[in-house]
Amino acid sequence: MDTIEPVAYDPTAVEAKWQRTWAERGTNQVDIAGAVRPFYSLMMFPYPSAEGLHVGNLFAFTGSDISARYHRLLGYNVFQPLGYDAFGIHSENYALKIGAHPMELTPKNVGNFQRQLERAGLMVDWRYKLDTSQRDYYRWTQWVFLQLHKQGLAYKKAAAVNWCPSCKTVLANEQVEGGACERCGTIVEQRFLEQWFFRIGDYAERLLRNLDTLDWSEVTKSAQRNWIGRSEGAELTFRIAERDEAVSVFTTRPDTIFGATYLVLAPEHPLVDSITTDAYRDGVRAYQEQTVKQDLVSRKSVAQKTGVFTGALAVNPATGNNVPVWIADYVLMEYGTGAIMAVPGHDERDFEFAHTLATTFEQHCKLGIDAVIKRVVAGDGHDADSTLDEAYVANTNSDRLVNSAQFDGMSVGDAKQAVIAWLASNEHAKPVVNYRLHDWCVSRQRYWGPPIPIVYCDACGTVPVPEDQLPVELPFIPDFKPDDSGVSPLARHAEWYNVACPSCGGEARRETDVSDTFLDSAWYFLRYPSARRDDVAFDRETTSRWLPVNSYIGGNEHAVLHLLYSRFVTMALHDGGHVPFEEPFTRFRAHGLIIRDGAKMSKTKGNVINPDEYVTEWGADSFRLYLMFLGPYQDGGDFRSQGISGVRRFLDRLWGSVRDARREGDADPDVLRKLHQVIRKVGEDLAVLAYNTAIAAMMEYMNVLRRAERVAHIDEVQPLVQLVAPFAPHLAEECWAELGHSASIFDSGWPVWDAALAEETTVEIAVQVNGKTRGRVLVAPDATQDEVVAAAMGEPSIAKFVTGEPKRIIFVKGRLLNLIV
RNA sequence: GCGCUCGUGGCGAAAUUGGUAGACGCGCAAGCCUUAGGAGCUUGUAGGGCAACCUGUCCCGGUUCGAGUCCGGGCGAGCGCACCA
């Protein structure tokens, strides 16, 4: 008997052969200028670490590659480029660690990555490879900086910034995790330095609003919404008693104004000096110094609240009462107005502060705790006079105001508006929206990045480097190690930074900071299609043809860094008239993480898998298939090397059935039916990145072929080879050639499923009695209720549960029959 | 604390969106083939019961002829944000 035997094929030979053939034939090359149906498939480019490619990279790339190959088979001209995010602190730190120079080390790492990636069988057009550390790339990164500068979106200011004492550089807020450097884990300090910033804050509202229009993973969108942190509220003005000064506070709860019993300013608030009374001046000064020195972690940690009284009193515009003005470290200068009205009755932090400093309130402000903590909202089952053991944070429409004069009885929601309107008549209030998103600090006091293209001239001031003088080349300097001075190592090289002013020709000095790595990656997708052009950053026509990106796949760890910066830069370039769209990525999907033994793979945990050994032992195709079969692509999965044998067995069986397939007689209609169902299923799954179930469906079909216990007909296997092609491209090509085709399978088109052929001749109907499944009957797909009932009652195992006439019958055609007795 | 995503066999997971729970694969068990096999093939594999059957998708309620799926409440996990007023 001729059954389908698996035939172990030799992946090493097959994969080498096809990679060679693809290169010779230019199979993966796309006609950028002439594409009729362009489809831009983008994957997040890797940072070329010295350890080389790891499984997580390959998991991400494979998922994108499958989607790209599928679209190619559907007839699109697919452009799938890949490159290297080679600049940046991670590369530089590693070079420092092993005593190498990044300018020498990086090309080596890139070379190693390239070798590994080429083995993976990705459909990448390598002619468009880019490397952010090469001058023909960073030249245009500097150009992007200049465009933003031209538009007034880049500015320099002295600011409290996050300083990593280990990396010896400033970090963006997004690069600080829990008060520590995301790169090395060192506790971040606060420093005051002159820094370049981008006005991403000005774009907060657009960045937030546009999210609703994007087809992105929900996790990513919600992370961005969170990070942008919009909150609606009001700025309320409190006059300082007996002085011609006023303090603005930001609050989201203007309805609680009657409960505002003191004010708190950030210690560095500009008004502190002038309102502080002489008696309290020393205490205030001491407290300010202490806070400013403090690093940002303890400043923002949940330690016990501290603060001092300034001696000043402000007038609550609602009650007319005098309220004491304090400074405290729990109020942050960078948010809102840097000042708050404290409502201890209805805000946990204010409550805690009032309690912690109750004695001081008594001593200096002559205020007892009961006078400080006032209830102005009721509804938690307590009335207007009940005491508060903790802050009552009302937030519903059912809660009502109390102790609030004419607003008593009004709902919290209504009162928010009403109070603003009332105070606004005396210019004490205006509605305001605040965002947590702060401007993006792009300066880095490091070496391994693009020098910021700015020159300082005594006569002309800050002068942008003219575009025709780009790039400002990063010089090779042996002493690239950062120091504690707060300036870049480039600042030690007068021969480099001393330069003639581009404007007046006089003596001038280059900016010695380099830009953040995230600027490199915030526009790389614009560069790819134009990567072979050396006269423009990105060609106008090419860009409008290929962008926005049709499919972007990457890790969600970049949800608020890279993805937000990319959106901002694109929006800014749009406003500058450089690109015709605001949003760079039409569709983004976050892939899951590959974990091992319940932990994310990382070098420090020692659970990193090197894909090389698996590719060598099992073949790239098996490894790709295995990674995609672990679980839902967007969930990731736990890497256990055992499972790979199953997918390899599947490929062996496929190869065996293709090799033995004949064209004799007719294909089996039962097999063809299943085949067309699978074609449909795989297509649907590929469209939504459901790779695991697509593979399962193909395996199921393979089992059908095997159970037929005969050599397969060519028509039964040939479409399966096409379905497998996106997943296992090398073997699919080999099978395709074995089936007698000379052109690439990727130009063969995607099989079309035929609804008539896919239709079942009989269906199994579940028969329930009183909702419990009691059996199943085989009937024609269009069988009527009466026919199915008759069939069901013919089954003794079902009929025995039915006594008398059913009271009710629920019938779902082709699916289910439920008899209620 | 806030936001998001989840909770199904020994394990990774399916389930046409309210309609046969556990597809597919791993692992395991028995058998075949073999000098041998971490090879291949066949069969079985949610739990309980000799059986007819009973129980079963984190827990408690609800809606429904019917709930893994929908609603309310609770418990738990992962990720993100967090003294942001």
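Throughout, a chain's letter reflects where its sequence line sits, starting with A, and its residues are numbered from 1. Everything numeric in this text was worked out from a predicted model, so none of it was measured.
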*Asks:* Which value, in whole Å, describes the distance between the C1' atoms of nucleotides B:rC4 and B:rU57?
*Replies:* 23 Å

*Asks:* Between B:rA67 and B:rC58, how far is it from one P atom to the other, in whole Å?
*Replies:* 15 Å

*Asks:* Return yes if some donor-acceptor pair links the side-chain N/O of A:H558 with the main-chain N/O of A:L563 below 3.5 Å, else return no.
*Replies:* no

*Asks:* For B:rA51, which nucleotide in any strand shown is its Watson-Crick or wobble partner with both distances under 3.5 Å?
*Replies:* none

*Asks:* With hydrogens left out and only the distance checked, is there a donor-acceptor pair under 3.5 Å joining A:R815's side chain and the base of B:rU16?
*Replies:* yes

*Asks:* Between the protein and nucleotides 21-29 of chain B, are there any N/O to N/O pairs under 3.5 Å, and if so, what are the atom names and distances?
*Replies:*
| from | atom 1 | to | atom 2 | distance (Å) |
| --- | --- | --- | --- | --- |
| B:rA23 | O2' | A:E700 | OE1 | 3.1 |
| B:rA23 | O2' | A:E700 | OE2 | 3.4 |
| B:rG25 | OP1 | A:N703 | ND2 | 3.2 |
| B:rC26 | OP1 | A:R649 | NH2 | 2.2 |

*Asks:* Ignoring hydrogens, what is the shortest heavy-atom contact between A:A415 and A:D255? Give both atom names and the distance.
*Replies:* CB-CB, 3.7 Å

*Asks:* Distance check needed: B:rU20 C1' versus A:F811 CZ, whole Å only.
*Replies:* 15 Å

*Asks:* Would you mind telling me which residue lines up with the more 5' stretch of RNA chain B, A:L630 or A:G338, judged by nearest nucleotide?
*Replies:* A:L630

*Asks:* Starting from the 5' end of RNA chain B, give me the residue, A:R808 or A:K681, whose nearest nucleotide shows up first.
*Replies:* A:K681

*Asks:* Please state how far atom CG in A:L211 lies from atom P in B:rC4, giving the value in whole angstrom units.
*Replies:* 14 Å

*Asks:* OP1 or OP2 of B:rG66 sitting under 4.0 Å from any side-chain N/O of A:R774?
*Replies:* no

*Asks:* May I ask which nucleotide in the shown strands pairs with B:rU57, Watson-Crick or G-U wobble, both distances under 3.5 Å?
*Replies:* none

*Asks:* Any strand counts, and the cut-off is 3.5 Å on both contacts for Watson-Crick or G-U wobble. Which nucleotide pairs with B:rG19?
*Replies:* B:rC65

*Asks:* If we call it a pair only when both distances are under 3.5 Å in a Watson-Crick or G-U wobble match, what pairs with B:rC11?
*Replies:* B:rG25

*Asks:* Just the rounded figure in Å: distance from P of B:rC79 to CZ of A:R225.
*Replies:* 22 Å

*Asks:* Between A:Y633 (OH) and B:rA13 (C1'), how many Å, whole number?
*Replies:* 18 Å

*Asks:* Report the distance from atom NE2 of A:H591 to atom P of B:rC79, rounded to the nearest whole Å.
*Replies:* 15 Å

*Asks:* Pick base, sugar-phosphate or nothing for A:E348, based on heavy-atom distances below 4.0 Å to the nucleic acid.
*Replies:* nothing

*Asks:* Considering only the C1' atoms, how many Å lie between B:rU16 and B:rU5, rounded to the nearest integer?
*Replies:* 23 Å

*Asks:* For the C1' atoms, the ones on B:rG48 and on B:rC11, what distance do you get once it is rounded to whole angstrom?
*Replies:* 22 Å

*Asks:* Can you tell me if A:K772 touches the phosphate of B:rU55, counting only side-chain N or O atoms and a distance under 4.0 Å to OP1 or OP2?
*Replies:* yes

*Asks:* Per the atom types in the model, does the base of B:rC65 pair as donor or acceptor with the side chain of A:N818 at under 3.5 Å?
*Replies:* yes

*Asks:* Please report the distance separating the C1' of B:rC60 from the corresponding atom of B:rC54, rounded so that it comes out in whole Å.
*Replies:* 23 Å

*Asks:* Give a yes or no on whether the backbone of A:F258 and the side-chain of A:K374 come within a donor-acceptor separation of less than 3.5 Å.
*Replies:* yes

*Asks:* Just do the side-chain hydrogen bond (donor to acceptor under 3.5 Å, both in side chains) check on A:S231 and A:Y335 with the steps written out, would you?
*Replies:* CA-CA 11 Å; A:S231 54; A:Y335 186 74; 2.8 Å; yes

*Asks:* Determine the Euclidean distance between corresponding P atoms of B:rC70 and B:rG18; express it in Å to zero decimal places.
*Replies:* 8 Å

*Asks:* With a 6.0 Å cut-off on ring centres, are A:F727 and A:Y626 close enough?
*Replies:* no

*Asks:* In whole angstrom, what separates A:N556's CG from B:rC6's C1'?
*Replies:* 15 Å

*Asks:* Scan side-chain atoms only and decide if A:Y287 and A:T306 contain a donor-acceptor pair under the 3.5 Å cut-off.
*Replies:* yes

*Asks:* Rounded to the Å, how far apart are A:L816 CG and B:rG19 C1'?
*Replies:* 5 Å

*Asks:* In this structure, how many angstroms lie between the C1' atom of B:rA14 and the OH atom of A:Y691, rounded?
*Replies:* 18 Å

*Asks:* Both conditions, 6.0 Å and 45 degrees, for the charged tip of A:R648 above the ring of A:Y9: are they met here?
*Replies:* yes

*Asks:* Which nucleotide in the set B:rA85, B:rG3, B:rG19 lies at the smallest distance from any side-chain heavy atom of A:V812?
*Replies:* B:rG19

*Asks:* So, is the end of the A:K305 side chain (NZ or CZ) under 6.0 Å from the ring centre of A:Y330 and within 45° of the ring's axis?
*Replies:* yes

*Asks:* For B:rG56 and B:rA46, measure between their C1' atoms and round to the nearest Å.
*Replies:* 8 Å

*Asks:* With rounding to whole Å, what would you report as the distance between B:rG10 and B:rG47 at their P atoms?
*Replies:* 7 Å

*Asks:* Have A:N556 and A:T220 got a donor and an acceptor in their side chains that come within less than 3.5 Å?
*Replies:* yes

*Asks:* If the glycosidic angle is within 90 degrees of 0 it's syn, otherwise anti, so just tell me which one B:rG49 is.
*Replies:* anti

*Asks:* For a quick check, tell me whether the side chain of A:K221 and the base of B:rC4 share a donor-acceptor pair closer than 3.5 Å.
*Replies:* no

*Asks:* Considering every strand shown, what is the Watson-Crick or G-U wobble mate of B:rG40 when both distances are under 3.5 Å?
*Replies:* B:rC32

*Asks:* Taking pairing as Watson-Crick or G-U wobble with both contacts under 3.5 Å, can you name the mate of B:rU5, or confirm there isn't one?
*Replies:* B:rA77

*Asks:* Can you name the residues that form a side-chain contact (heavy atoms from CB on, under 4.5 Å) with A:E764, not counting sequence neighbours?
*Replies:* A:R776, A:L778

